[in-house]
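Ligands are counted one by one from 1 in listed order, and the atoms in each one are counted from 1 as well.
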Amino acid sequence: EDPEVTWIDGEVVEVNGDQIKVLCTSGKTVVVKASNVYPKDAEVPSCGVDDMTKLAYLHEPGVLQNLKSRYDMNEIYTYTGNILIAVNPFRRLPHLYDSHMMAQYKGAAFGELSPHPFAVADAAYRLMINEGISQSILVSGESGAGKTESTKCLMRYLAYMGGRAVAEGRSVEQQVLESNPVLEAFGNAKTVRNNNSSRFGKFVEIQFDQRGRISGAAIRTYLLERSRVCQVSDPERNYHCFYMLCAAPPEDIQRFKLGNPRTFHYLNQSNCFELDGIDDAKEYVATRRAMDVVGISSEEQDAIFRVVAAILHLGNVEFAKGKEMDSSVPKDEKSWLHLRIVAELLMCDVKALEDSLCKRVIVTRDETITKWLDPEAAALSRDALAKIVYSRLFDWLVDKINSSIGQDPDSKSLIGVLDIYGFESFKTNSFEQFCINLTNEKLQQHFNQHVFKMEQEEYTKEEIDWSYIEFVDNQDVLDLIEKKPGGIIALLDEACMFPRSTHETFAQKLYQTFKNHKRFTKPKLSRSDFTICHYAGDVTYQTELFLDKNKDYVVAEHQQLLGASKCSFVASLFPPLAEESSKSSKFSSIGSRFKQQLQALLETLSSTEPHYIRCVKPNNLLKPSIFENKSVLQQLRCGGVMEAIRISCAGYPTRKPFDEFLDRFGILASEVLDGSSDEVTACKRLLEKVGLEGYQLSLRQGIIGSTLDSILVPITGIAVCFVGDIPFIGKTKVFLRAGQMADLDGRRSEVLGRSASIIQRKIRSYLGRKSFILLRRSAIQIQAACRGT
Ligand SMILES: Nc1ncnc2c1ncn2[C@@H]1O[C@H](COP(=O)(O)OP(=O)(O)OP(=O)(O)O)[C@@H](O)[C@H]1O
């Protein structure tokens, strides 16, 4: 530990509270306090800087310290170039989001005002209007980091910019905003990471007319977590809508034969029923009101809640052994009662419902065989029915919102906002984490390509060669997962199609196929787990439920039962299958469908100009004022912020406009800077003097063949230069390699130190002389006075 270290240039290898271990570029490892990482005289104010690319020291400790000092002062937003980093305050900061703030950001140049989601939305809106290019804003971060809150803030700003006064009826922007509470009621739940966690991904596409007014919108959702409907673990909750419905006004409670949430199996597996500060009865009313706004009629609302109630009752149907071998029947009178209520609510036949839960019909070429399910299988069948009904209900809501908001076929420009789950790595990781991490790999590739392109643009603007910057591509992980044929998803689909496959045979196949793949490993002592080396770290997946979770078919009995419901709403959730898709050869899997959805999303994103918001969760206690370095750093790495910085560091991370550069370092070469030469010449002389020769290179002059540490040969023969540790002089700025700023600062401090001691010496001798003269004068006066007496 070295408390004296005031700056470090290197990579953080370990974080322990406020202590960080850094592997310095010199190869030395030091342990320091995070707050000790700045040079004492660097131009970093104690309140941090609002854009991290302005940091003199663009490395992990610097970034971390900067975010922390800002967070301590409730400055929760910070830029890294044009990426906005949002650190969750876990406390309401209403002044940040009021209409006065919106008015301030309207039309302000990006970077002029404090970092803010409004600034990102405004930049996107203006680019769309002025350049006619569609835009996207990608919001990411781990669960509870603040993605949904940031997304809502963006939406409000876009509604403010693109809204229009409507004399009567509902405006498109109002409908877009009100779709949030509806989707949250059915797609959000309390988890250990977030009390209001979205259990689905969302891409909202807002369409604008030629005058920049919102003219339509479309919402696409991804991968709703189905298993939560019938399985909740303490202290989490099921989807909010179940608890709201149990707190509905008495007439609804009676109609749906509901009661205390503690009496329902799908809710009482966890002991958490209430949420702090949330009144479910009020939420029920608010959700119904939001449903009115998005155009869901009151008959439809009744039907929706009837289905929600039916799911709760379905969960209370238990099974016991029947008379036949391995058969099952509803366990007791209570189970029968719930079964009858389900049939009544779903308006289907009780006997058909019982059969669909307890029997399977197998059709072979010659005959039709009815097979009983044992009580355990019947309970699984019941849960499968609950899950499919709920997921169809959720899809219906999304479709309904889309059709009632309406699309604008003439719209040429749109702004898409993506609110999607961040990288996940837990103790046990199943198929959901696998899909989520695939999403993040894809988005990471998109992000890298974009950041890389932006860097290139900055260099091109300054007429500097950039071709030596390498960047890590994750195409190999994507191939491992989604290549067709041969990738993990393709092998999983194959396994799902063979009746005799198990998760173990599937895992064996993976081990065999990828034994030499550098991104794939088989953990020691494991028979069915596998590890993928993702861009954000290694994740070990447990394959036990992969096959089940990947299968995407509706049990034929369930389809028949509900397709024949007398309630047109329920029947519409189960439309008759198209001829070809009912054939068993047409296999559909969640993994492949999700892969296609992602492909379509990436295609949309590629046709837009992206903007990024990286949300960061400062602590896992969900409390204000606590900033846990280790976890924040991990999130910055996973969110690609460190990668963006790395890409930047691979080139010339420190950029100083000529005048600033000369002001700061002129002292190192005062004898060669006479003030008569122009800034470029002065910078060049300064660099030559300190032994870091800088060359002005022009791309337009045509540089051929340039790789790291190679000689560049411009066609014109004007400049021959060594790329390596040489700084570049651009058109307006000096570009320094990683560490060179620190080197120059060190020399500057030395010169300042030397100058200081010279000044001190001179002052001391001046003061000494002065006091000697004074003393002598006093002595003479005393002597004269003495003589006079
Ligand atoms: N800007 C903010 N101001 C105040 N509180 C916030 C802000 N952002 C987030 N929060 C708080 O953090 C909680 C979690 O945020 P949010 O639901 O947006 O996270 P998320 O990233 O969308 O999580 P998930 O992936 O689980 O849905 C919010 O319910 C809110 O209490």
Side-chain angles (χ1 to χ4, degrees), residues 67 70-71 73-78 84-98 101-102 105 114-121 137-157 177 180-181 183-204 221-225 228 232 235-240 275-278 283 394 417-426 432-433 435-437 439-440 443 612-627 631-632 635-636 638-639:
L67 288 180
R70 288 176 65 73
Y71 186 70
M73 286 179 306
N74 271 340
E75 295 284 354
I76 59 168
Y77 298 115
T78 306
L84 178 72
I85 297 174
V87 187
N88 189 341
F90 286 117
R91 66 155 68 102
R92 293 277 144 213
L93 302 170
H95 64 283
L96 281 184
Y97 310 103
D98 58 19
M101 280 298 251
M102 289 205 240
Y105 279 90
S114 305
H116 200 290
F118 290 165
V120 179
I137 306 174
L138 289 85
V139 187
S140 62
E142 69 174 49
S143 179
K147 299 180 294 291
T148 308
E149 293 294 323
S150 301
T151 305
K152 285 190 223 166
C153 178
L154 294 168
M155 296 294 203
R156 276 186 48 233
Y157 189 82
L177 294 179
N180 265 326
L183 291 180
E184 284 192 12
F186 291 84
N188 285 28
K190 174 194 155 73
T191 68
V192 278
R193 291 174 193 84
N194 181 1
N195 288 345
N196 184 28
S197 181
S198 318
R199 309 312 297 155
F200 61 101
K202 184 171 75 171
F203 183 64
V204 184
T221 56
Y222 303 91
L223 268 192
L224 176 78
E225 183 187 49
R228 183 167 298 270
V232 224
E236 303 206 338
R237 290 209 321 174
N238 209 318
Y239 289 104
H240 296 328
L275 278 182
D276 278 353
I278 302 288
E283 293 296 315
F394 187 76
V417 182
L418 182 69
D419 167 2
I420 209 151
Y421 18 64
F423 184 77
E424 288 187 354
S425 174
F426 303 135
E432 290 84 359
Q433 279 69 44
C435 292
I436 286 172
N437 291 342
T439 315
N440 282 280
L443 293 172
Y612 296 93
I613 300 185
R614 294 295 194 228
C615 299
V616 172
K617 190 175 173 182
N619 63 71
N620 288 316
L621 303 169
L622 320 186
K623 293 228 160 76
S625 311
I626 304 173
F627 191 95
S631 139
V632 172
Q635 292 171 64
L636 293 175
C638 292

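- Scored by the side chain to side chain donor-acceptor pair (under 3.5 Å) test, N619 finds no partners at all (sequence neighbours excluded).
- The list of salt bridge (Lys or Arg N to Asp or Glu O under 4.0 Å) pairs with a residue in residues 147-156, not counting sequence neighbours, reads R92-E149, E149-K152, K152-E184.
- Between Y157 and F118, a ring centre-to-centre spacing shorter than 6.0 Å is recorded.
- Partners of N180 under the side chain to side chain donor-acceptor pair (under 3.5 Å) rule, at least two apart in sequence or in another chain, are K202.
- For ligand 1, the protein residues within 4.0 angstrom (heavy atoms only) are Y77, N88, P89, F90, R91, R92, Y97, E142, S143, G144, A145, G146, K147, T148, E149, N194, N196, S197, S198.
- No side-chain heavy atom of E225 sits under 4.5 Å from any side-chain heavy atom of S197.
- Residue N88 comes nearest to G144 through the heavy atom pair ND2-O, 3.0 Å, listed as atom of the first residue, atom of the second, then distance.
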